[in-house]
Amino acid sequence: MKNYLLLSILCLAGILMSCTQKHTRYRIGVSQCSDDEWRHKMNNEIVREALFYDGVEVEIRTAKDNNRNQIADIKYFIDKKVDLLIVAPNEAAAITPVVEKAYRQGIPVVVIDRKILSDKYTAFVGADNYEIGKDVGQYILNRLHGKGKVLEITGLEGSTPAMERHKGLTDVLKEEPGIEITASVDGAWLQSVAGEKMDSVFQTNKNIDLVFAQNDRMAIGAYLSARQQQLEKEMLFVGIDALPGKEYGVEQIINGVLDATFIYPTGGDKVVQVAMDILEKRPYERDTKLSTALVDKTNARVMQLQTDHITEQDGKIERLNNQVNEYLSRYSAQTMFLYACLIILLLFAALLAIIVRAYWTKNRMNMELSRQKKKLEEQRDQLINLSKQLEEATHAKLVFFTNVSHDFRTPLTLVADPVEQLLEDKALTPRQQSLLKVVHKNVHILLRLVNQILDFRKYENDKLELVRANMNLRVQLQEWSHSFQTLALKKHIHFVLEVNDDRADYLMAVDAEKMERVYFNLLSNAFKFTPENGTITVTLSTLTKEEGGRYARLVVADTGSGISVQHIRHIFDRFYQIDVNHAGSGIGLALAKAFVELHGGEITVDSVEGKGTVFTVDIPMTVVEEPSADLVQEPRITQQTVVEELEDMETEEQIPDENKECILIIDDNADVRDYVKSLLKEEYTVIEAPDGRAGLKKAMKYVPDAIICDVMMPVMDGLECCRKLKTELQTSHIPVMLLTACSLDEQRIQGFECGADSYISKPFNSKLLLVRLRNLMDNHKRLKQFFGDKTSLSKESVSDVDKGFVDRFRELIEENLADSELSVEDLGGKMGLSRVQLYRKIKALTNYSPNELVRIARLKKAASLLASSEKTISEITYEVGFTSPSYFTKCYKDYFGESPTDFLKRRG
Ligand code: FRU
C-alpha cells in the first residue's frame with residue numbers, strides 16, 4: 001500500500017511539472033547593429049509577432065554600431081545552437097564572414113535591412129535602398145525645380161543602405177546639371193555626428209539649398225546645426241525613416257523642421273513570418289521587398305493621426321495580449337490546481353478503498369479466527385474429555401492390574417515354596433528335576449514381574465519409600481557384576497567393570513535392593529541386545545555437578561543393536577515396548593528411572609542405531625547417620641533369577657539320528673524350547689536355535705524334517721525366518737509350524753502369507769502339538785511332489801514329463817476348486833486320460849488318489865480363507881467346492897486336527 005501511495009505522489013509531481021513547463025520549439029537569435037528608436041520599433045514588432053507562434057523563444061542582442069560587438073553576438077548565437085539567426089549587419093565587409101560561418105553550420109540566416117557581401121544567407125527582408133535613393137533624387141529635382149545646391153549626409157560608410165541610397169540619389173541627380181551635390185559627408189547614421197559634420201561644412205560653405213540626410217535622425221542634427229547659424233530658413237531638410245512618435249520624422253514634418261521624409265519600413269512582423277516559414281519548412285521568398293512612400297506636409301498630419309491610431313491600437317493589442325497572457329497563466333494555474341485536486345481525490349478514493357478493503361478483510365479474518373477458535377476450543381474440550389475418560393479408564397485398568405497382581409502374588413509364592421522343597425527331593429528322576437526347575441524359574445519370573453508392577457504403582461501413588469543405608473557402591477557393583485560373569489562367558493560377550501578412580505570413596509546412602517534392581521535391569525537389557533563377541537562396559541566414576549553436590553556416575557554401555565530415535569524418547573515410559581519382538585512387560589526401565597529419581601538422581605540414555613546404547617545413572621553421594629530400621633521391606637526376590645532368565649539351559653547339540661526324523665525348534669525362550677524338546681525327544685531327533693537367524697543357519701546345515709518356529713523373537717522374527725526358509729532351495733520343502741500368540745490373528749494370516757504350513761497357538765496343548773506335527777509331516781511327505789516341491793521331485797528322479805503332468809493337474813484342480821461336481825472322469829478327460837489311467841498315474845506319483853488331492857486342495861484353500869477373511873464356515877464350505885458344511889467340518893478336523901469352529905473361536 002505504501003508503494004502505491006509513493007507511486008501516485010510521483011505521478012502527481014510529474015503531471016504538475018509538465019503543466020508548468022513551457023515547451024520551447026524554436027530558439028531564434030536576433031543580432032541588431034544599432035540601438036535606436038527605429039531598431040526599438042522593429043524589435044517590438046519581432047517580439048509581438050513571435051507571440052503568435054507557439055513555443056518560439058526570441059533573444060535579441062544589440063551591437064551598438066560596433067562591428068566587434070556584433071561578431072561576438074553572432075558567435076554567441078552559433079554556440080547556443082539557435083534554430084534560426086536574424087542579422088542586421090552593421091557594416092557589410094566586417095560582418096559577412098561570421099554570418100557565412102553560421103550559415104555553413106546549418107543555421108538558417110535571415111538578413112534584414114542591411115546586406116552582407118555574399119549570398120551565404122537564407123533570406124533577406126528589407127526595403128530597396130537604391131530605389132529610395134532614386135525617390136529622394138526625384139523629390140529633390142521637383143522640389144528645387146531643377147536648380148540648386150544639395151548637401152548629402154550619408155549613413156555609416158561600410159553599411160549597404162548608405163551605399164545604395166547614395167547611388168540611387170546620384171543616379172537621378174546626374175541627369176540634371178542644374179542640381180549640384182556640393183558635398184557628401186559621413187554622418188554614421190547618428191544625429192550628433194551629422195550635427196558636427198554640418199558645423200564643419202558651414203565653415204566653408206553656407207550656400208546650400210537642400211540638406212539630404214540618409215535618415216531623419218541625421219537630418220534633425222543638420223537642422224539644429226543650421227539653426228545655430230540661423231540658416232535653417234535658408235535651406236530645406238530631407239530625411240528617411242518617417243518614424244511616428246514624439247519628435248521623430250513625421251512629427252518634425254508637422255513641426256516644419258523637415259521638409260520631407262521617406263518611409264523606411266521596419267517590418268519586424270514580416271521578418272518573423274519569413275523566419276517561421278523557413279523553420280516550419282513552408283515555401284518562402286528569398287528576397288522580401290518592403291515598400292516605401294514619401295511623407296511631406298500634405299500627408300504628414302494624416303499619417304500622424306493614422307500612426308497615433310495604430311499606436312493606440314497597438315497599445316490596446318498589447319494590453320489585450322497582457323490580459324490574455326494573464327488569463328492564460330491563471331487558466332494554467334487553475335488547470336493545474338484542478339489536476340492536483342483530481343489526483344488528490346483519486347488518491348483519497350484509492351486510499352479509502354484500501355482502508356475499506358483492509359477493514360473488510362480484517363473483519364472476515366476476525367470472524368474466521370473466532371470461528372476457528374471456537375472450533376479449537378470445542379476440540380480442546382473434547383480432547384480434555386477424552387483424555388479424562390482415558391485417564392479414568394487407565395486408572396481403572398491400573399487399579400485392576402494392581403489388584404490382580406496382588407492376587408497373583410500369594411498363589412505364586414505358594415507355588416514357589418513347594419517347588420523349592422520338591423527340588424530338594426533326591427528321589428526325583430532327572431527329567432522330573434528338569435521340569436521342576438523350569439517351573440521354579442518361571443514362578444520367580446512371574447513373581448518378579450508382579451512385584452515390579454506393584455512397585456511401580458506404589459511409586460505412582462507416592463507410596464514407594466527408600467530404605468537407605470550406607471554402603472560402598474564400588475564394592476556392591478563388583479559383587480552384583482559377579483552374577484553376570486558366567487553369563488558373559490557363555491554368551492561370548494566381553495564384560496568389563498571399570499572404576500575410574502579406584503581411591504575414590506564410594507560410600508553413600510542408597511536403598512541397596514533398589515539400586516541392585518536398577519543395575520540388574522540395565523545389565524540384563526545390555527545382555528539381551530548385545531550379540532556374540534560384543535562388549536558391555538560398566539564404568540563407575542564420581543563427578544561434581546554445577547548446581548552443587550557430588551554424584552556417583554554409573555555408565556552401562558553396550559555394543560548391541562542400539563535404539564532408534566523414535567523409540568528412545570519413550571524408553572522410560574511405563575509399558576513401552578520397543579517392538580513386539582522384544583518381548584517383556586515394558587516396565588523395567590520405567591521402574592529403574594523411578595528408583596533413581598527416588599534417590600534424587602538422574603538416568604539418561606544415549607543410543608546410536610547399529611552401534612550400541614549407553615545408560616548413565618547419576619546418584620547423589622549422601623551419607624546417613626543411622627539406617628532407617630523401622631521400614632518393613634517387601635519380600636525380596638533374588639535378582640539371580642534375572643540372570644537365569646537370560647541364560648539358556650545347558651543343552652547339548654544333538655546330531656540328527658539317521659533313523660529318526662529331525663525337528664528344529666526355533667524359540668528365544670529357552671524354557672519353551674526345553675519344554676517342546678522334552679515332548680519330542682522320544683520320537684524325534686531335536687535341534688534348537690534361539691532366534692530366526694540362528695534357526696535359518698541350522699535348517700540349512702541339518703535340513704530337518706520339520707520346523708517349529710516362534711513368531712516373536714529378537715534378531716530375526718519367525719515370519720521373516722519362515723519366508724527365508726521357503727525361498728532357499730535347501731529348505732523350501734521343509735514343513736514349518738508357527739507358534740503364534742493366540743490373540744494375534746494377524747500373525748496367522750501373515751504366517752500363511754510367508755508360506756507357513758501350519759500353526760499352533762500359545763499356550764498349547766502338548767498332545768495337540770504332537771498330533772499336528774505328525775499330521776503335518778505325514779501330509780507333507782505325501783504331498784511334497786504334488787504341491788510344489790520341485791527339489792524333492794528331482795531328488796526322486798521324476799522325469800520332466802511327469803513334472804509337467806503334475807503341474808498341469810495341480811493347475812486344473814486350482815481352476816475348478818469351487819466346482820463341487822468336479823469328477824475324476826472330468827479331470828481325466830481334461831488331462832487326456834481315462835478315469836482308471838488318471839487314478840493309477842496320480843497314485844503312483846503322489847501316493848494320493850485324485851479325489852484325495854482335490855479334497856486336500858479344497859481344505860488348504862479353506863484354511864487360508866478362514867484365517868484371512870470374515871466369511872462364515874458355510875460360505876467357505878461352498879466356495880471351496882464342498883456341498884455340506886458338516887462334511888467340510890469333518891474333513892477339516894481330520895486333516896488339521898482342529899475343527900473350523902474351534903479355530904474361529906480362538907480367533908475371537
Ligand atoms: C536605424 C537606421 C535608420 C536607417 C537605417 C539604415 O538604425 O540608422 O535610421 O534608415 O538604419 O540601415
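For ligands, and for the atoms within them, numbers begin at 1 and follow the listed sequence.
Considering every non-hydrogen atom in both V211 and A222, the closest pair reads CG1-CB, 3.9 Å. Nearest heavy-atom pair, F124 versus K115, reported as atom, atom and distance to 0.1 Å: CE1-CG, 3.6 Å. Contact record, T122 with P108: OG1-CA, 3.3 Å, taken as the closest heavy-atom pair.
Judged purely by distance below 3.5 Å, without hydrogens or angles, the side chains of D171 and Y130 pair a donor atom with an acceptor atom.
Every atom of ligand 1 with a heavy atom of D36 under 4.0 Å away is listed here by number and element: 1 (C), 7 (O). Remark: ligand 1 atoms within the under-4.0 Å shell around heavy atoms of N215 are 3 (C), 8 (O), 9 (O). Shown in contact with P161 at under 4.0 Å from a heavy atom are these atoms of ligand 1, numbered in order with element: 6 (C), 12 (O). Using a 4.0 Å cut-off to heavy atoms of S34, the atoms of ligand 1 that qualify are 7 (O).
For the pair N90 (side chain) and D65 (backbone), a donor-acceptor distance under 3.5 Å is present.
Looking only at heavy atoms of the protein, atom 5 (C) of ligand 1 is closest to Y264 CE2, 3.8 Å. Looking only at protein heavy atoms, the nearest one to atom 8 (O) of ligand 1 is R217 NH2, 3.2 Å.
For atom 2 (C) of ligand 1, the candidate residues are K115, R114, Q214, E37; the nearest heavy-atom contact is made by R114. Among D241, N129, D216, the residue whose heavy atom lies closest to atom 4 (C) of ligand 1 is D241.
The aromatic rings of F237 and Y223 sit perpendicular, their planes meeting at an angle over 60°, well past the 30° parallel limit.
Rounding to the nearest 0.5 Å gives a distance of 10.5 Å between CG of D128 and CZ of R165.
Residue contacts with ligand 1: W189 is placed with no nitrogen or oxygen under 3.5 Å of a nitrogen or oxygen of the ligand (distance criterion only). Checking only distances, D113 does come within under 3.5 Å of ligand 1, N or O to N or O.
Ligand 1 is never approached by E164 to a heavy-atom distance shorter than 4.0 Å.
A salt bridge links R61 with E59: at least one charged nitrogen is closer than 4.0 Å to a carboxylate oxygen.
When non-hydrogen atoms are compared, ligand 1 lies under 4.0 Å from neither the backbone nor the side chain of K41.
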